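These notes concern the structure reproduced below.
We name chains A, B, ... by the order of the sequence lines, and we start the count at 1 in each one. The shown structure was predicted, so the numbers you read here are calculated from the model rather than taken from an experiment.
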Amino acid sequence: MLEQALHKHFGYSAFRTGQKEVIEQLLAGRDVIALLPTGMGKSLCYQLPAYLLDAPVLIVSPLLSLMQDQVDQLRQFGEKRVVALNSFLTVQQKRYALHYLHEYRFIFASPEMLMQPQVKERLQQMKLGLIVADEAHCISQWGFDFRPDYLRLGEIIPMQHKPPILALSATATKSVLHDIETYLHMRSPFYFLHSVNRPNIHLAKHFFQHKDDKINWILEHVQTTAGPGIIYTQSRSKAESISLALLERGIAAAAYHAGKEAEDRQFIQQQFLVGKLDWIVATNAFGMGVHKGNIRQVIHEFMPANIANYMQEIGRAGRDGQPAVASLLYAEGDEQFAQFIVTEDLPKALHIEQYLRNRDKPMRMLEDGSISETAFRVLHYWMQQESNEEVQQRLQQMEVNKYKAVHEMLQIIQSTTCMREQIVHYFGQQLTEKISNCCQNCGLVFEEILAAKQHEEATEQSLTWQARLRRILLAE
DNA sequence: CGCCCCTCCTGTAGAGGAGGGGCGGTGCGCTACT
């Protein structure tokens with residue numbers, strides 16, 4: 001009985017939605033794509049099978065920090081046969097880990113590490129019980145133009161004695177599901193798809209004449225409403241300046257972006273998790289693997305580049321099931337920047353010519369700085385897959401697709417019909433129930449949603465003196 | 001591409017506008033250098 005195994009290894013008495021179905025299929029040897037809302041115990045879907053299979057489980061993870069969290073969690077459960085194969089290991093540790101790889105129960109690794117010849121060869125000789133792609137939407141989101149090793153995961157799957165493959169994610173469109181299936185070489189996978197709709201997240205949007213007005217709105221809004229929350233900004237510098245402005249107003253806020261030291265990032269995330277920080281002002285670097293239940297607000301200072309990103313980012317709110325608000329701020333022309341940022345680092349036609357001229361030693365292209373490291377890696381990958389003409393076409397198509405995705409997001413912003421319905425429809429699903437205070441277009445009274453919370457805060461002593469003064473002076 | 005910031009220009013005072021330059025997201029692994 002699966003329930004008995006669940007109780008024996010993890011001490012739980014019952015499965016959560018989807019877990020049992022997914023595990024049953026995996027144990028029967030079938031590939032599975034599971035879309036489960038975050039925080040609903042996605043990791044158990046591979047952790048339990050690991051104890052019922054007689055071979056190691058390989059988990060492909062997008063972030064080192066995520067890997068570390070999962071390793072720590074398993075160790076807390078008393079599991080010793082667990083390893084994270086990544087650049088944190090010394091040469092000796094890595095050699096040791098590879099030598100005894102078959103003895104581990106859980107092997108975590110990044111796609112880049114898996115593509116190293118020594119690692120790949122070692123895995124190919126080994127029997128694996130299960131291969132897991134955690135946050136599997138990364139295959140589609142990052143594989144084509146950022147981390148091409150994500151498209152090469154199929155190379156580590158043994159042809160003979162192929163283990164079942166599990167793809168886990170919280171949000172994926174039909175086309176993302178298709179990419180996952182293709183690049184993981186899945187054979188008629190079992191789908192467990194939870195609804196992408198999150199009824200407790202209310203969708204607000206606000207329009208502004210000038211970009212600066214958005215900042216003023218944020219400063220005002222954050223001082224008078226309930227946190228904790230995340231503010232997503234378009235650039236690192238803006239994340240810094242807004243968090244500073246909030247700090248000056250007595251709000252416990254911090255900035256988070258990829259320009260910060262790994263140590264600082266970890267510290268800030270930790271402080272937010274334990275409630276010492278109320279607001280995180282971040283670029284899209286923040287979020288994956290952040291398990292905080294009581295996030296009440298997500299504010300977008302800029303326009304997300306596509307609907308999937310928007311859903312992922314607002315989906316970090318209200319995981320405790322309590323009401324939360326996602327506020328999307330828009331000023332005319334914001335789509336220009338969104339378009340620029342997502343296409344700026346794509347390899348261009350001139351890079352293909354340059355690549356062909358340096359065919360014998362393409363790395364030379366990097367020397368004069370005419371191409372970024374990312375763009376070079378992406379170009380190099382595609383040039384090995386396809387002809388010049390095909391690569392050129394592909395890159396153009398990528399650009400077109402990215403513009404199209406920005407436009408789809410813009411339509412949600414500009415339309416006057418239910419935002420939720422449009423979003424759910426975009427993911428190929430249907431909206432089954434109608435909620436009150438659904439979205440800006442259906443009618444939304446902010447105070448009604450977080451009213452109880454705000455009242456509580458108003459009487460709290462922890463209210464900042466600025467906010468108290470503001471209430472008195474402005475009679476709010 | 002659009003923004004922000006800085007410098008320069010004008011024409012003899014102080015400030016406003018033109019024009020140029022810099023900047024702008026996401027992560028892995030690895031290497032060279034301090």
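- At the heavy-atom level, A:R377 lies under 4.0 Å from base atoms of the strands shown.
- Comparing B:dC9 with B:dA13, their C1' atoms are spaced 14 Å from each other, to the whole Å.
- For the P atom pair drawn from B:dG25 and B:dG21, the interatomic distance equals 22 Å after rounding to whole Å.
- Cation-pi geometry between A:K292 and A:F272 is met: the NZ or CZ atom falls under 6.0 Å from the ring centre, inside 45° of the normal.
- Summarising the geometry of A:R420 relative to A:H202, their closest heavy-atom pair is NH2-CA, 3.9 Å, with the distance given to 0.1 Å.
- Extent of DNA chain B lying under 4.0 Å from chain A heavy atoms, first and last nucleotide in 5' to 3' order, is B:dC1 to B:dC30.
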Practice item. Run the numbers on A:R95 and A:Y100 for side chain to side chain donor-acceptor pair (under 3.5 Å), then give the verdict. Key: CA-CA 9 Å; A:R95 197 183 300 136; A:Y100 292 103; over 6 Å; no
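- Mapped onto DNA chain B by nearest heavy atom, A:N86 and A:N309 fall at different nucleotides, with A:N309 at the one closer to the 5' end.
- B:dC23 and B:dG29 have their P atoms separated by 29 Å, given to the nearest Å.
- Taken together, the paired segments of DNA chain B that extend over three or more consecutive Watson-Crick or G-U pairs, each closer than 3.5 Å at both contacts, are B:1-10 with B:15-24.
- Taking the C1' atom of each, B:dG16 and B:dT12 are spaced 16 Å apart, rounded to whole Å.
- Of the residues A:Q234, A:K205, A:E313, A:K214, the one that meets the side-chain hydrogen bond (donor to acceptor under 3.5 Å, both in side chains) test with A:H300 is A:E313.
- Within 4.0 Å of A:P62, counting heavy atoms only, lie sugar-phosphate atoms of the nucleic acid but no base atom.
- Taken from CE in A:M126 to CD1 in A:I156, the straight-line distance is 10.0 Å, to the nearest 0.5 Å.
- Of the N and O atoms on the side chains of A:Y104 and A:E79, not one donor lies less than 3.5 Å from an acceptor on the other residue.
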Which donor-acceptor pairs under 3.5 Å do side chains of residues 170-180 of chain A form with protein atoms, sequence neighbours excluded?
unit_1	atom_1	unit_2	atom_2	d
A:T171	OG1	A:Q312	NE2	3.4
A:T173	OG1	A:V176	N	3.2
A:D179	OD2	A:S140	OG	2.7

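- As judged by a 4.0 angstrom heavy-atom cut-off over every strand, A:Q234 is placed among residues touching the sugar-phosphate backbone only.
- To the nearest 0.5 Å, atoms CZ (A:R364) and CD (A:Q354) are separated by 11.0 Å.
- No engagement by A:K238 is indicated, since no non-hydrogen atom pair under 4.0 Å with the nucleic acid exists.
- Contact annotation for A:Q339: no contact, since no heavy-atom pair falls under 4.0 Å across all strands.
- The gap from the P atom of B:dT7 to that of B:dG11 amounts to 22 Å, rounded to the nearest Å.
- Taking the six-membered ring where the residue is Trp, A:F108 and A:F106 present parallel rings, their angle staying beneath 30° rather than reaching 60°.
- The 5' end of DNA chain B is approached more closely, in terms of each residue's nearest nucleotide, by A:S237 than by the other of A:E373 and A:S237.
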